[in-house]
Amino acid sequence: MPELPEVETMRRGILSIVGRQIAHAERAACKRRPIAIRPRIDLFRRRVEGKTVTAIERAGKRVVIWLSAIAGKSADTNQLPGTQAIVIEPRMTGLVLLGNPPTQEHLRFRLRFRKTGAATNGRHTHDANEVLFWDRRGLGTVSLLSADEFAAKYGGESKTLGPDALRLSVSELKNRLHSSRRAIKVALLDQRAIAGIGNLYASEILNVAGIHPAARCHRLGREQWNRLHAAIPLVLEEAIRFEGSTLSDGTYRNALNESGGYQNYHRVYDRAGQTCPTCGRGTVRRIVQAQRSTFFCPHCQRR
DNA sequence: CATATGTCCTGAGAGC
DNA sequence: TGCTCTCAGGACATAT
């Protein structure tokens, strides 16, 4: 379930590896069916060994580790911060960690770094020496892309990934969705339209915006688009401040294997039967849209 | 093209 | 108690 706030928390959690040089990349020795790693691990390893991490970015719900042959030097052919990108896609249960995985059983991939100049003034550095990808269900993926491949797949003109939910103007939001016949909740999950919103935050955002999840996009009015545009960063930034949501299954953790805190502040998600905290009047309801749960307040969320 | 549905996967929890 | 069943929802493939 990692969505934008959880993936952003993962990204921030591994920023300390910027500047580090990769010693080794490997599949973790787990007995489960191997996750998808592209290209094949031996080729992957050959292409990343000795490279330096230049930046950690986020592309929608993916963590992107940029690499360059020389520390701090960007690719000169474009504005991207490196020549190759390791793209980690957590999907349902994947975690990006600086060591200390919840179980060894579900450890899938490991990126080891060369040791830094060891002790400075007799004090050892606390830099992490590895980044791990842990995934209980094994639906996540790790891919190595050239800068060009990355640009084609996730760049500005990409058809697979829309503009990031945190960097979205009202007109962009409206232009991308207003002609759709789909229910607004379903459309918000479409990563080609807007990148980063998943099932949990779609419900939270619509509650804050006061919009009924089944409202059809093409019927929404100007005022509703404005409220939606305001609610998106409000909810996502609030969730980032609390380092994301760890649901009752306890799966999601930050890079240090600590729980998030935003689950305690959910307004509607998984709160069917409770009083809506936004209006204090309605009772939160659960419905199913496109085979996914939606939670909303029938009192204050209007079509 | 737009939209809808099926699939992958594991572990928790329900029900008998 | 232990079995079987259902459900959770990321991205993508396939169908309409």
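Computed from a predicted structure; not experimentally measured. Computed over heavy atoms, backbone and side chain alike; hydrogens, waters and symmetry mates excluded. Here is the naming used below: chain letters follow the sequence lines, and residue numbers restart at 1 for every chain.
Heavy atoms of A:Asp249 sit nowhere under 4.0 angstrom from any nucleic acid atom. Within 4.0 Å of A:Arg286, counting heavy atoms only, lie sugar-phosphate atoms of the nucleic acid but no base atom. Within 4.0 Å (heavy atoms only), A:Arg136 reaches sugar-phosphate atoms of the nucleic acid but no base atom. Contacts of A:Tyr269 with the nucleic acid, taken as non-hydrogen atoms under 4.0 Å apart, involve only primed sugar atoms and P, OP1 or OP2. Within the 4.0 angstrom heavy-atom criterion, only backbone atoms of the sugar-phosphate kind lie near A:Ser293; the bases stay farther away.
Annotation: side chain of A:Ile65 is in contact with side chain of A:Ile88 (closest heavy-atom distance under 4.5 Å).
Ion pair A:Glu258/A:Arg253 not flagged as a salt bridge, since none of the NZ, NE, NH1 or NH2 atoms sits closer than 4.0 Å to an Asp/Glu carboxylate oxygen. Salt bridge A:Arg58/A:Asp164: present, at least one basic N to carboxylate O contact under 4.0 Å. Taking the charged nitrogens against the carboxylate oxygens, A:Arg182 and A:Asp190 do have a contact shorter than 4.0 Å, which makes a salt bridge. Salt bridge status for A:Glu6 with A:Lys61: absent, with no side-chain N to carboxylate O gap under 4.0 Å. Ion pair A:Glu238/A:Arg267 flagged as a salt bridge, since at least one NZ, NE, NH1 or NH2 atom sits closer than 4.0 Å to an Asp/Glu carboxylate oxygen.
Between A:Ser180 and B:dT3 there is a side-chain N or O to OP1 or OP2 distance below 4.0 Å. A close approach under 4.0 Å does occur between a side-chain nitrogen or oxygen of A:Arg33 and OP1 or OP2 of B:dC9. A sub-4.0 Å separation between OP1 or OP2 of C:dG10 and a side-chain N or O of A:Thr93 is absent.
The CG atom of A:Asp270 sits 13 Å away from the C1' atom of B:dA12 (whole-angstrom rounding). The nearest whole Å value for the distance from the CG atom in A:Asp190 to the P atom in C:dG10 is 13 Å. Put simply, OH on A:Tyr252 is 17 Å from C1' on C:dG9, counting in whole angstrom units. Put simply, CD on A:Gln291 is 15 Å from C1' on C:dT6, counting in whole angstrom units. In this entry the distance linking OH of A:Tyr201 with C1' of C:dG10 reads 14 Å, nearest Å. Whole-Å rounding puts the A:Leu189 CG to B:dT5 C1' distance at 15 Å. Put simply, CD on A:Glu89 is 13 Å from C1' on B:dC8, counting in whole angstrom units. Protein atom CE of A:Met92 is 10 Å distant from nucleotide atom P of C:dA11, rounded to whole Å.
Side-chain N or O atoms of A:Arg176 include one that pairs as donor or acceptor with a backbone N or O of A:Arg192 at under 3.5 Å.
For the contact set between residues 160-178 of chain A and DNA chain B, defined by any heavy atom under 4.0 Å, there are no members.
You'll find a donor-acceptor pair under 3.5 Å spanning the side chain of A:Arg292 and the base of C:dG10, going by distance alone.
Between A:Ser248 and A:Gly138, it is A:Gly138 whose nearest contact on DNA chain B lies nearer the 5' terminus. Map A:Leu139 and A:Arg182 each onto its nearest nucleotide of DNA chain B; the residue landing nearer the 5' end is A:Arg182.
The side chain of A:His106 has B:dG11 as its nearest neighbour among B:dT5, B:dG11, C:dA11. Taking every side-chain heavy atom of A:Arg137 into account, C:dA8 is the closest of C:dA8, C:dC12, C:dG10.
Rounding to the nearest 0.5 Å gives a distance of 11.0 Å between CD of A:Glu172 and CG of A:Leu177.
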